[in-house]
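Worksheet: the structure to be examined is printed underneath.
Heavy-atom basis, side chains included; hydrogens, waters and symmetry copies ignored.
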Amino acid sequence: MRIGSFLLLLLIQVNSFGQHVFFGERNLDSTEWMKNPLVCFDKNGWIYPDFFIADSAFRNSNNNLKDFYLKHPFETKTIFLKYKMSTSHVLLPDLLALNQRIIAENCKKISLLNSTKISFYIHGFRKSFLHIENGISSPEEAENLRSFMLKEGKETPIVAIYWDGLYDCCYSLNRKRNQELFDLFEKAYAQSLEVGKGVAQFFLSVEQENMLVIAHSLGNRMYLSAVSSFNGTSFFSQHSVKSLLIAPATSIAQMSESFENASTNPDFWNSKWNIVYNKHDFALRKKDSKFGVFGPGAKQFGATTLGCNKSNELTKYEKQLKTSYPKFDFDLYDAREIGKKHSLHFYCDFLKTNF
């Protein structure tokens, strides 16, 4: 019996590691969601419908909306009806059309905020949608940012973008456990690119001309993927965009590629970019938070060299941009004063006095 109990406990621990972050069970009746709209993306960049989807059903559908729709035709036809679409077929073209309808409905909610300016916040890796004991959930972090912006007199509505950035807790002194977490980060690192493509489709439909995008940590990689996907579109002609990248967990190569792709529209060079970096940030350096010695380093398991300015690659890139595009509004903020911290909370404290 003891051996059986031990094996069951071990199985539970293994299955609990590396959780996808689901949003299908969010409280759709909450007035808070109407006051502060949110947009939720699955691991493939599809937007969740306003419909209850059990976590268990999502898990059994390869953790994504497309497979859920195909495996659950009855529920899917109900969702079609909710969005006033034909329910005769549940095929991929129909599902793509449904996703576009859900994008449009989310943009309609945002337009009800009656603001000509809109801000979006994108969280990073390892953010649970539910309250957690040893950390801060993505909604709590979004609310903290919202409160910070209000205190600073910036009253532009903030729409939180939630995405499946994977979750498990926590960094520790256990080398094997940390290795699993690095492997999980590498998976989220790859997944962020696909989500970014879906976010680009959403941003293309946003009606407000003036947009501020605030991204933290791995959320920046997802956002830069969206920027890259604007290649060949008129997005930067139709929107005045300001971007605030905080502790970006990606590489200079991705930023350079995204800028090159987006600049097929010359109006891209009228957008404004502020990047907050910190060469001491333990999460970006992928070193332990106490001694700063143990860990694989910023180039392993998905490069995070941009946010910690590894080998001065970010400051070198700034000089390159200023030479090629002297009028391009691209500014860096050195946040080394906050030390090894990575939490958005500490970066907000830095912004309060420096930005």
Side-chain angles (χ1 to χ4, degrees), residues 13-22 41-45 63-64 122-130 132 134-138 141 161-197 199 215-226 245-255 258 276-310 313-314 340-347:
Q13 289 176 334
V14 170
N15 287 339
S16 68
F17 186 82
Q19 295 289 334
H20 284 272
V21 184
F22 302 140
F41 291 83
D42 75 353
K43 69 175 187 177
N44 293 331
N63 312 302
N64 72 86
I122 305 172
H123 64 78
F125 170 60
R126 213 174 65 77
K127 281 287 176 282
S128 169
F129 190 62
L130 304 175
I132 47 179
N134 297 307
I136 182 170
S137 68
S138 50
E141 191 168 66
I161 292 179
Y162 299 110
W163 63 288
D164 183 1
L166 301 175
Y167 175 78
D168 197 68
C169 187
C170 297
Y171 293 104
S172 69
L173 296 177
N174 186 317
R175 181 181 296 181
K176 182 179 179 182
R177 184 66 164 164
N178 286 344
Q179 181 62 48
E180 291 174 328
L181 206 54
F182 289 133
D183 290 337
L184 186 68
F185 176 78
E186 189 172 35
K187 183 177 179 181
Y189 191 84
Q191 193 165 286
S192 65
L193 296 181
E194 205 60 34
V195 182
K197 296 174 185 176
V199 171
H216 176 240
S217 192
L218 192 60
N220 288 282
R221 182 169 172 80
M222 187 263 271
Y223 175 51
L224 287 173
S225 173
L245 277 52
I246 302 173
T250 189
S251 65
I252 199 71
Q254 192 209 5
M255 173 172 276
S258 295
V276 180
Y277 70 95
N278 175 13
K279 69 175 186 176
H280 299 307
D281 187 311
F282 87 99
L284 299 177
R285 294 180 67 238
K286 297 195 192 76
K287 297 291 185 180
D288 69 279
S289 59
K290 186 173 183 180
F291 302 105
V293 174
F294 305 105
K299 293 184 179 181
Q300 301 297 315
F301 302 101
T304 51
T305 53
L306 180 66
C308 61
N309 195 22
K310 180 74 173 176
E313 65 176 27
L314 179 57
K340 299 173 184 176
K341 307 291 194 303
H342 183 67
S343 171
L344 181 63
H345 168 76
F346 295 103
Y347 280 98

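- The distance from the CG atom of L344 to the NE2 atom of H123 is 12.0 Å, given to the nearest 0.5 Å.
- Side-chain atoms of K340 never come within 3.5 Å of backbone atoms of H280 as a donor-acceptor pair (strictly under, hydrogens ignored).
- Taking every heavy atom of both residues into account, A188 and G165 meet most closely at CB-O, 3.6 Å.
- With a 4.5 Å cut-off on side-chain heavy atoms, N63 and F22 count as touching.
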Give every donor-acceptor pair under 3.5 Å between a side-chain atom in residues 298-308 and any protein atom, sequence neighbours left out.
{"residue": "T304", "atom": "OG1", "partner": "L284", "partner atom": "O", "Å": "2.5"}
{"residue": "T304", "atom": "OG1", "partner": "K286", "partner atom": "NZ", "Å": "3.0"}
{"residue": "T304", "atom": "OG1", "partner": "A298", "partner atom": "O", "Å": "3.4"}
{"residue": "T305", "atom": "OG1", "partner": "E313", "partner atom": "OE2", "Å": "2.6"}

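- Of the possible donor and acceptor atoms, none in the side chain of S217 sits under 3.5 Å from a partner among the backbone N and O of P248.
- Using a 4.5 Å heavy-atom cutoff, the side chains of K197 and N44 are not in contact.
- In this structure, the side chains of T250 and Y189 come closer than 4.5 Å at one or more pairs of heavy atoms.
- Remark: side-chain polar atoms of W163 are not paired, donor with acceptor, to backbone N or O of V21 under 3.5 angstrom.
- Closest approach of S258 and S225 over heavy atoms only: OG-N, 4.4 Å.
- In this structure, H345 has its ring center at least 6.0 angstrom away from the ring center of H216.
- The NZ atom of K187 sits 6.0 Å away from the CG atom of L166 when rounded to the nearest 0.5 Å.
- Rounded to the nearest 0.5 angstrom, D281 CG and N309 CG are separated by 12.5 Å.
- A donor-acceptor pair under 3.5 Å is formed between the side chain of Q254 and the backbone N or O of R221.
- With hydrogens and angles disregarded, a donor-acceptor distance shorter than 3.5 Å links the side chain of N220 to the backbone of I246.
- More than 12 heavy atoms of other shown residues, nucleotides or ligands fall within 6.0 angstrom of atom NZ in K287.
- The CD1 atom of I161 sits 6.0 Å away from atom CE of M222, with the distance rounded to the nearest 0.5 Å.
- Side-chain contact between M255 and L245 is present, with heavy atoms from C-beta onward closer than 4.5 Å.
- Distance CZ/F185 to OG/S192: 8.0 Å, rounded to 0.5 Å.
- Of all non-hydrogen atoms in Q191 and D164, the two that sit nearest each other are NE2-O, 2.7 Å.
- Atom-to-atom distance recorded for N64:CG and H20:NE2 is 9.0 Å, nearest 0.5 angstrom.
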